[in-house]
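Computed over heavy atoms, backbone and side chain alike; hydrogens, waters and symmetry mates excluded. Just so you know, these numbers come straight off a predicted model, no measurement behind them.
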Amino acid sequence: NVYKLFVKLGPTQTFISKASEFLVSNYRPSAIDIIEIKSKSGILRITEFPEMEKTIEYRIAGWIQRGLEISGCKNVTIEIPKSLTNFKPFSEFRVIWE
């Protein structure tokens, strides 16, 4: 699988920055902003996603987690402190890894 090879060979920050391309290619209309990328963490916000559901948020979080694990990150944790499903202006994904 080409995506798996890309994830394994690319730096973690590149994988996080490509999350926006994944989202908009699989869910339309949608928009995601990369708020912060550090060496062991990142914050992503989905700002546009009509009819967001918790199941979809968890699916996106799972995709991010598995991608980071494939790229070699350990102990990946993802929190969703703000959610479009709770009438917030965005869904926020706070990602931490080793």
Side-chain angles (χ1 to χ4, degrees):
N1 185 332
V2 175
Y3 289 113
K4 193 170 184 177
L5 182 63
F6 168 76
V7 169
K8 254 189 161 16
L9 296 178
T12 303
Q13 288 80 6
T14 301
F15 170 76
I16 294 291
S17 66
K18 293 293 182 183
S20 61
E21 291 178 27
F22 165 79
L23 186 71
V24 297
S25 67
N26 288 287
Y27 298 103
R28 294 178 194 193
S30 64
I32 188 168
D33 296 323
I34 288 57
I35 303 302
E36 175 180 285
I37 300 177
K38 294 183 177 178
S39 64
K40 302 281 183 182
S41 67
I43 300 174
L44 298 87
R45 286 186 183 157
I46 296 177
T47 55
E48 179 184 348
F49 202 113
E51 301 181 28
M52 176 63 85
E53 298 175 5
K54 279 287 185 194
T55 305
I56 295 171
E57 283 181 335
Y58 292 135
R59 184 179 302 146
I60 293 166
W63 175 82
I64 294 168
Q65 180 177 357
R66 186 64 186 132
L68 290 170
E69 289 169 351
I70 291 170
S71 70
C73 297
K74 306 284 185 213
N75 300 320
V76 179
T77 59
I78 301 177
E79 296 178 354
I80 306 173
K82 296 183 181 174
S83 172
L84 288 165
T85 64
N86 293 330
F87 308 106
K88 301 296 181 192
F90 51 81
S91 290
E92 184 172 271
F93 297 81
R94 293 179 181 257
V95 185
I96 300 171
W97 64 87
E98 293 179 11

Any Ile60 side-chain heavy atom under 4.5 Å of Tyr27 side chain: yes

Hphob cluster co-occupancy, Ile43 + Leu68, side-chain heavy atoms under 4.5 angstrom: no

Closest heavy-atom pair and its distance - Arg28, Ser25: NH2-O, 3.8 Å

In a table with atom names and distances, give each donor-acceptor pair under 3.5 Å that connects a side chain of residues 83-90 to protein atoms at least two apart or in another chain.
unit_1, atom_1, unit_2, atom_2, d
Ser83, OG, Glu57, OE1, 3.0
Ser83, OG, Glu57, OE2, 2.7
Ser83, OG, Thr85, N, 3.0
Ser83, OG, Thr85, OG1, 2.6

Backbone N/O of Ser39 and side chain of Trp97: donor-acceptor pair under 3.5 Å: yes

By side-chain contact (heavy atoms from CB on, under 4.5 Å) - contacts of Asp33 (at least two apart): Ile35, Thr47

Other residues, nucleotides, ligands: >12 heavy atoms within 6.0 Å of Glu79 CD: no

Contacts of Glu51 that satisfy side-chain contact (heavy atoms from CB on, under 4.5 Å) - sequence neighbours left out: none

Separation of Cys73 SG from Gln65 CD (nearest 0.5 Å): 10.5 Å

Tyr58 vs Ile80 side-chain heavy atoms within contact, under 4.5 Å: yes

Shared hydrophobic cluster, Ile64 / Val76 (ILVMFWY, side-chain heavy atoms < 4.5 Å): yes

Nearest-0.5 Å distance that lies between atom CG in Leu44 and atom CD in Glu92: 9.0 Å

Rounded distance (nearest 0.5 Å) linking atom NZ of Lys82 with atom OG of Ser91: 11.5 Å

Validation row: Ile56, Arg59 side chains within 4.5 angstrom (heavy atoms): yes

Same cluster (ILVMFWY, side-chain, under 4.5 Å), Phe93 and Ile96: no

